[in-house]
Amino acid sequence: MSAKILQKTAFFALFLMFFPAFGAEAKVYIDITSPGRQMLIAIEEFEGPDGAEISDVIRDDLGFTGFFVFPDKDAFIEKPGQPFDRSNWAPLGVEAVVKGKVKTEDEKITASVYLYEVNESRVILGKEYRSKKEFIRTMAHAAANDIYRELTGEEGVFRSKIGFVLKEGDSQRLCIMDWDGHNIKKLGIKSSSLLSPHWSDDASKLIYSSERGRRWGIYRLDFGSMEEELLYEDTGTSIAGDFFPGGEEFAFSSSKAGSPDIHVYNIAKRKSIRLTRDMGIEVSPSVSPDGNTIAYISDSGGTPQVYTIDKFGYNRKRVTYDGAYNTSPSWSPKGSLIIYSGRHEGKNQIFTIRPDGTDRRLLTDKGNNEDPSFSPNGRFVSFTSDRDGKKGVYIMRSDGEGVRRITPKDTEASAPRWSQK
Amino acid sequence: MRKLLILLVVLLMAAGCSKKAVKTGTKLDTSPDKTAAKTVDSSELIDEKLSDKNLSKVKSAESAGALLENKDVIFSDVFFDYDSYDLRSDSVSALASLSNWLVKTKSRVVIEGHCDERGTNEYNLALSDKRAAAVQQYLISSGVPLWRLQTVSYGEEKPQCFEKSEKCWSLNRRAHPVILGDNNK
């Protein structure tokens, strides 16, 4: 009797020895689904040439999410170059530490980045990044994405871009920049009037509306070939809307039939299909992430409001009933929200609403705010605002917090669109 | 008693094995994951493509030829109410002189539609399209053939004044006729 119990006990003990990590590996360091708690994380200045630039980018990226707070650098006990020691960080209440080392060789830069968890003194991430020197910020953003993913379980968006329109004298210029406003690149496309660019879902192409010689056309810029192509031009005004997933079709508004209506254009087949047939104005089509529903603006009810329709032109539904002037709708990446600009107390403000018309929320309250669109993870929003004088591109968290201008103060910029990658 | 002892032993072993407790000062495995050296993905392609020397090579599609304006003849603008594309009664008389002249001289005209800055750019572009279309429709119904009429909308993109006042806004809510030169006959 006792031998059997001993056997069973021994077996059980052995069992426990080989499976010690029940649940320990699937750790959630910060639960971003229940907001409120912020993680105290120390980002040490990276050693080596330009090291500080990388650690600064990582800190700015993580900081903007609103999930992290940083202790005062002056309180750090451990210095860059010293090995990680839990006892240097635990007294400060720090929960995680990022340390790094940079080496340069010719035009290449190599960064070794380490993420430590203080409580259990573990290395969560130890990774080496290599790139050409001119892409140092891209590399830092890649590290920030990896750190963010390790700590939250969610993909970071720090390598995403924002396309926008910059005013240059009497003309307008198509540009793109990093999500944080750095590396503004003018795309060599300029015209007297240019409207908001729309990204393909793989971020390889942009379509936009441009007026040249008193004619509006829809053009596409392909980043692979770096060539601009006129995709669509007809009588009336053609205004580009979103690509469909896959980039083979796009929605647009055209007044070729007498009144602005929503159409879908198939690029390879060079064919357009008309989706709406009202006598009024139908404009600004935004395609849902699964490609099945189009949100757009119609004044068929008397005032401009947000409607949805399926991609075949059926099941039209009105979404907004509050406010006398609602425009520029855009879908959230998961398809759960539509963000738009609505006239509120005399100015344009940004709202979100569910596609079924419930849970309308006001996100902004200063100046005029227009052209909202979401970041790839749905956590941030880019928009145009004139709250500081000249129109500029701003970003904020999707709850309306953390508003910051990302285009230079002395420039006039508008029509931002966040890439989906 | 024995059973209790065994249970205790089991529990102790379990406690000892459930955590990889590392003592402070222990050497951590910090060798970085070298397999993560960057491979090219489309984001990186964009960064590479956007280097300044590549950008200067962007091939822009050709633009449509500009239409020649006849600047000797000017007709007055036609104005609209806020968020409206209906022709006002005061506009009709102004348009009558334009349509008479067009019928008589067989000239061509482009009607530009404009808006004040208050709406959003795309909606305003569509609204100004309707304004230009409303004028075009009036001209057709008063005898000007369609082929001599063109419209273009500018939304809020080309205002004629910039103040944030009702006076300026009302001046921007307009349709502006542009007579075309001889070359386009």
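Everything numeric in this text was worked out from a predicted model, so none of it was measured. In what follows, chains are A, B, ... by sequence order, proteins preceding strands, each numbered from 1.
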Asker: Could you look at L221(A) and say if it's the side chain, the backbone, both or neither that has a heavy atom under 4.5 Å from chain B?
Answerer: side chain

Asker: Tell me which of these, N121(B), D83(B), L125(B), V178(B), has more heavy-atom pairs under 4.5 Å with chain A than the rest.
Answerer: L125(B)

Asker: With a 4.5 angstrom heavy-atom cut-off, is it the side chain or the backbone of A111(A) that approaches chain B, or both, or neither?
Answerer: neither

Asker: Looking at Y154(B), does the NZ or CZ of R214(A) lie under 6.0 angstrom from its six-membered ring centre and within 45 degrees of the ring axis?
Answerer: no

Asker: Which bit of K101(A) is near chain B, if near means a heavy-atom gap under 4.5 Å: side chain, backbone, both or neither?
Answerer: neither

Asker: For chain B, find which of S225(A), S419(A), A415(A), S259(A) contributes the most heavy-atom pairs closer than 4.5 angstrom.
Answerer: S259(A)

Asker: Going by the side-chain contact (heavy atoms from CB on, under 4.5 Å) test, name the single residue among I136(A), D178(A), D146(A) that passes it with H141(A).
Answerer: D178(A)

Asker: For K132(A), is it the side chain, the backbone, both or neither that has a heavy atom under 4.5 Å from a heavy atom of chain B?
Answerer: side chain

Asker: State, without any angle test, whether H114(B) and N172(B) hold a side-chain donor-acceptor pair at a distance under 3.5 Å.
Answerer: no

Asker: Could you state the interatomic distance from CD1 (I189(A)) to OG (S171(A)), rounded to the nearest 0.5 Å?
Answerer: 13.5 Å

Asker: Does a donor on one side chain and an acceptor on the other come within less than 3.5 Å for N369(A) and N348(A)?
Answerer: no

Asker: Salt bridge or not between E233(A) and R215(A)? Use side-chain N to carboxylate O under 4.0 Å.
Answerer: yes

Asker: Can you tell me which portion of Q136(B) sits under 4.5 Å from chain A's heavy atoms? Options are side chain, backbone, both or neither.
Answerer: neither

Asker: Side chain, backbone, both or neither: which part of E282(A) has an atom under 4.5 Å from a heavy atom of chain B?
Answerer: neither

Asker: Chain A: which of A132(B), G119(B), G155(B), A133(B) shares the most heavy-atom pairs with it under 4.5 Å?
Answerer: G119(B)

Asker: At a 4.5 Å cut-off on heavy atoms, which part of E227(A) comes close to chain B: side chain, backbone, both, or neither?
Answerer: both

Asker: Sort out for me which residue in E157(B), E117(B), R173(B), E156(B) forms a side chain to side chain donor-acceptor pair (under 3.5 Å) with N124(B).
Answerer: E156(B)

Asker: Taking the cut-offs as 6.0 angstrom to the six-membered ring centre and 45 degrees off its axis, would you call R118(B) and Y82(B) a cation-pi pair?
Answerer: yes

Asker: So which part of S192(A) gets closer than 4.5 Å to some heavy atom of chain B, the side chain, the backbone, both or neither?
Answerer: both

Asker: Can you say whether S284(A) sits under 4.5 Å from chain B via the side chain, the backbone, both, or neither, judging by heavy atoms?
Answerer: both

